[in-house]
Amino acid sequence: MSTGRKRAASSSKEDRPGIKRAVKWTRQFSHAGPRFQPDYKPISGTKPLFRYAGKPLLLERNTEEVAVMYARYLCGKRRTRDIEKTLQQNFFEDWQKYMSSKEKQQIKKFELCDFSGLVKKLQEDKAKPLTKQERAAQKKKREDMMNQYKTVIVDGRRELISNFTVEPPGLYMGRGKNDNIGRVKPRIKPKDITINCDDRHIPKAPGNSKWGAIVHDKSVMWLASWYDPITKGPKYIQLHPSSKIKNDIEEEKFQTVRKLHRKILEVRKHYEKDLKSKKNETEGEYATRQIATAVYLIDNFALRVGNEKPEGATDTVGCCSLRVEHLSLLASKNIRLNFLGKDSIRYEKGHQVSNAVYDNLQDFTRDFDGKKKTKKQLLFDSIKTKHVNDYLYNLMKGQGLTAKVFRTFRATQHFEEKLEEYSKFHELKATKSTPEDDKMKMIVFKKANLAVAQLLNHQTLSKPTTKGKAIKVNEKRIKDAQYKLNNLSKGTDEHRKTTAQLVVLKHELDLKVEQRTYALGTSKTNYIDPQVSAKWCKKYKVDITKVYSKVQLGKFRWALRS
DNA sequence: CGGCAGACTTGGAAGAATTTTG
DNA sequence: CAAAATTCTTCCAAGTCTGCCG
């Protein structure tokens with residue numbers, strides 16, 4: 001497959017400010033290429049596990065491989081979704097492409113397919129306990145394999161690779177109301193791969209196979225790429241977040257945020273001026289007013305910019321793609337936004353807005369000519385996200401201000417404020433700590449983290465029941481502690497200690513309850529400036545490894561070397 | 001300009017590893 | 001010590017934004 005990718009690093013790129021556009025490597029980019037998925041091993045012997053119309057049917061190897069993909073899907077704990085029908089249809093349509101002509105004649109209706117034998121077999125294999133030796137051997141084999149593929153040398157520096165294996169064949173599992181759900185993602189082969197490496201270290205393709213293409217592009221940081229047959233979009237083998245290049249880019253991201261922080265009053269003054277409508281407004285001025293209003297929403301409520309999506313894609317929106325139906329104008333300059341955002345996560349919040357913004361939003365429920373829009377029409381009908389980013393570019397020329405910077409800025413700022421607020425409220429000590437003090441510090445950190453997750457609307461759809469159980473356990477402990485306390489005389493050490501424990505337990509419970517539907521991970525790894533955490537940790541004598549995991553510590557090396 | 005392809009970040013869920021509990 | 005709970009890592013889908021091209 002010809003990829004058509006041929007861009008080499010040009011000098012003009014090097015001249016531009018910022019790391020993103022710069023050359024990523026110069027002399028050496030040497031790696032083993034991606035690891036491929038092992039070939040499929042049939043799971044049914046001579047006895048068929050699949051049944052059609054009640055009768056056992058032995059599937060050919062390729063046919064079984066795809067059937068097993070569906071069986072694997074059935075094994076997982078899947079939520080009942082209204083998308084189930086589409087999934088089955090897509091799967092069956094694609095599956096038939098893998099069948100022999102004889103099988104295609106036999107297997108005509110999805111409803112008559114019985115995968116339960118395959119499912120049972122998969123579950124049995126999974127449940128099979130391994131001996132200690134088997135487990136160790138398996139681990140060793142895995143490590144040996146990984147050692148062969150997991151690193152790349154970038155200009156003399158050995159770096160980790162984040163995903164060195166090509167994606168396995170399987171069913172495409174999109175989120176929300178996705179039209180491609182259940183389609184069969186075929187196996188990726190060496191001929192599908194474009195390798196990016198330096199010209200003296202070209203990895204060898206496995207066996208007798210050949211790479212699809214080999215490029216030496218210094219302006220990008222991917223090691224290998226291929227096209228996803230379902231989405232038609234490119235997929236990449238990339239560097240690990242702990243790598244120097246990724247670290248540099250991450251540092252630059254938060255530098256941009258700090259620049260915005262310094263200029264925020266100016267920026268706000270500028271767009272507030274553009275919020276005002278003019279007499280005999282031209283179409284251009286009307287568009288500017290839409291841009292300013294969108295920027296207001298992005299700045300104030302940390303919304304995503306909301307790019308246009310291709311026809312037929314899952315119907316999710318961001319700021320610029322909001323439709324009239326997603327907005328309610330309420331009394332006292334209050335508005336309510338209700339829409340499906342990224343990953344089909346619902347955003348449903350009420351906000352108070354300025355007079356100018358309220359008036360504008362009301363205006364934008366009509367088009368430029370004053371004609372009332374339908375519910376399905378765009379609120380910001382005269383602009384594209386490109387215009388918003390062009391506008392922002394001009395507000396902070398050459399300093400990398402784009403819409404998503406506001407989200408990071410607001411997240412970090414919110415975190416800093418909440419950390420301070422909670423630290424004061426819970427009277428954290430900067431000196432030596434009891435175990436209860438240490439626990440309170442972690443609670444404060446997590447509470448601030450949670451506040452950011454709420455701001456960014458990082459909700460989880462899956463609510464593991466375990467979380468409910470955990471809450472019960474916590475409640476019981478509170479009861480126990482309370483009971484214990486009642487039987488202790490005041491003023492004793494034991495009484496003091498139990499009181500402190502009780503306080504911690506109560507706050508832990510509050511946190512657990514509030515945290516139930518929120519995912520804190522994304523805000524911690526992508527939005528909160530690690531320098532803020534580091535400063536707080538230093539102040540309150542908290543070990544930074546208590547708040548960041550190993551991968552996060554690697555990602556934030558740039559901020560944490562003291 | 002506007003549209004689109006490409007490259008990179010951000011996102012929730014699944015799965016693996018580790019810690020806690022009984 | 002095993003099972004359960006929790007935390008961390010991996011996975012890959014779904015965004016953002018840039019640069020190129022007509």
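Chain letters run A, B, ... following the sequence lines, proteins first, then strands; residues in each count from 1.
- For A:Val184 against A:Val66, the heavy-atom pair with the smallest separation is CG2-CG1, 3.7 Å.
- Residue A:Tyr236 places none of its side-chain N or O atoms closer than 4.0 Å to OP1 or OP2 of B:dG6.
- At least one donor-acceptor pair under 3.5 Å links the side chain of A:Asn247 to the backbone N or O of A:Gly554.
- Proximity of A:Lys185 to the phosphate of C:dA13: a side-chain N or O atom is located under 4.0 Å from OP1 or OP2.
- Distance from the side chain of A:Trp222 is smallest for B:dC8 among the nucleotides B:dC8, C:dG15, C:dC12.
- A:Lys555 comes within 4.0 angstrom of nothing in the nucleic acid, heavy atoms only.
- Between the side chain of A:Arg175 and the backbone N or O of A:Asp343, no donor-acceptor pair lies under 3.5 Å.
- Nearest nucleotide to the side chain of A:Ile345, out of B:dA7, B:dG12, C:dT16: B:dG12.
- Put simply, A:Asn526 has no side-chain N or O that comes within less than 4.0 Å of OP1 or OP2 on B:dT9.
- For A:Lys384 and A:Thr408, each mapped to the nucleotide of DNA chain B holding its nearest heavy atom, the one lying further toward the 5' end belongs to A:Lys384.
- For B:dG11, the OP1/OP2 oxygens have a side-chain nitrogen or oxygen of A:Tyr527 closer than 4.0 Å.
- A:Thr525 comes within 4.0 angstrom of no nucleic acid atom, judged by non-hydrogen atoms across all strands.
- Checking side-chain atoms of A:Thr293 against main-chain N and O of A:Arg289 turns up a donor-acceptor pair under 3.5 Å.
- Contact annotation for A:Gln552: no contact, since no heavy-atom pair falls under 4.0 Å across all strands.
- If you measure from atom CG of A:Leu520 to atom P of B:dT10, you get 17 Å, rounded to the nearest angstrom.
- Atom CZ of A:Phe556 is separated from atom P of B:dT9 by 13 Å (rounded to the nearest Å).
- Under 4.0 Å is where a charged nitrogen must lie from a carboxylate oxygen, and between A:Arg187 and A:Glu65 at least one such pair does.
- Distance, A:Tyr172 OH to B:dA13 P: 16 Å, rounded to whole Å.
- A straight line from CD1 of A:Ile528 to P of B:dT10 spans 13 Å, rounded to a whole angstrom.
- Within 4.0 Å of A:Pro310, counting heavy atoms only, lies no atom of the nucleic acid at all.
- In the set C:dC12, B:dC8, B:dG12, B:dG12 carries the atom at the smallest distance from any side-chain atom of A:Ala519.
- The side chain of A:Ser549 contributes an N or O atom lying less than 4.0 Å from OP1 or OP2 of C:dT9.
- Separation of atoms OH (A:Tyr347) and CZ (A:Phe301) is listed at 7.0 Å; rounding is to 0.5 Å.
- At the phosphate of C:dG15, OP1 or OP2 sits under 4.0 Å from a side-chain N or O atom of A:Thr316.
- Checking C:dG15, B:dT10, B:dA7 against every side-chain atom of A:Pro234, the shortest atom distance belongs to B:dA7.
- When distances run from any side-chain atom of A:His458 to the nucleotides C:dG15, B:dG11, B:dA7, the shortest one goes to B:dG11.
- Remark: P of C:dA13 and CD of A:Gln238 are 14 Å apart, rounded to the nearest angstrom.
- Nearest-nucleotide assignment on DNA chain C puts the 5′-proximal partner with A:Asn178, out of A:Asn178 and A:Lys386.
- Looking at heavy-atom distances under 4.0 Å, A:Asn307 makes contact with a base.
- Remark: A:Arg407 is in phosphate contact with B:dG11, judged by side-chain N or O atoms under 4.0 Å from OP1 or OP2.
- Residue whose closest nucleotide on DNA chain B sits further toward the 5' end, between A:Arg142 and A:Thr522: A:Thr522.
- When heavy atoms are screened at a 4.0 angstrom cut-off, A:Ala403 is found touching the sugar-phosphate backbone but no base atom.
- Checked against the 6.0 Å centroid threshold, A:Phe406 and A:Phe409 do not count as a close aromatic pair.
- Backbone-only engagement by A:Gly306 is indicated by non-hydrogen atom pairs under 4.0 Å involving sugar-phosphate atoms exclusively.
- OP1 or OP2 of B:dC8 sits under 4.0 Å from a side-chain N or O of A:Lys24.
- In this structure, the nucleotide among C:dT6, B:dG11, C:dT16 sitting nearest to the side chain of A:Val305 is C:dT16.
- Here the C1' atom of nucleotide B:dG11 and the CE atom of A:Met173 are 18 Å apart, to the nearest Å.
- Taking side-chain N and O atoms only, A:His387 has a distance below 4.0 Å to OP1 or OP2 of B:dG2.
- Rounding to whole angstrom units, CD1 of residue A:Ile181 and C1' of C:dC12 are separated by 13 Å.
- Residue side chain A:Lys342 reaches the base of B:dT10 through a donor-acceptor N/O pair under 3.5 Å, judged by distance alone.
- Residue contacts for A:Asn163: at a heavy-atom cut-off of 4.0 Å it reaches no nucleic acid atom on any strand shown.
- Taking for each of A:Tyr548 and A:Glu308 the nucleotide of DNA chain C with the nearest heavy atom, the 5'-most of the two is the partner of A:Tyr548.
- Distance NZ (A:Lys253) to P (B:dA7): 21 Å, rounded to an integer number of Å.
- Of the possible donor and acceptor atoms, one in the side chain of A:Asn90 sits under 3.5 Å from a partner among the backbone N and O of A:Ile181.
- As judged by a 4.0 angstrom heavy-atom cut-off over every strand, A:Lys232 is placed among residues making no nucleic acid contact.
- When heavy atoms are screened at a 4.0 angstrom cut-off, A:Lys446 is found touching the sugar-phosphate backbone but no base atom.
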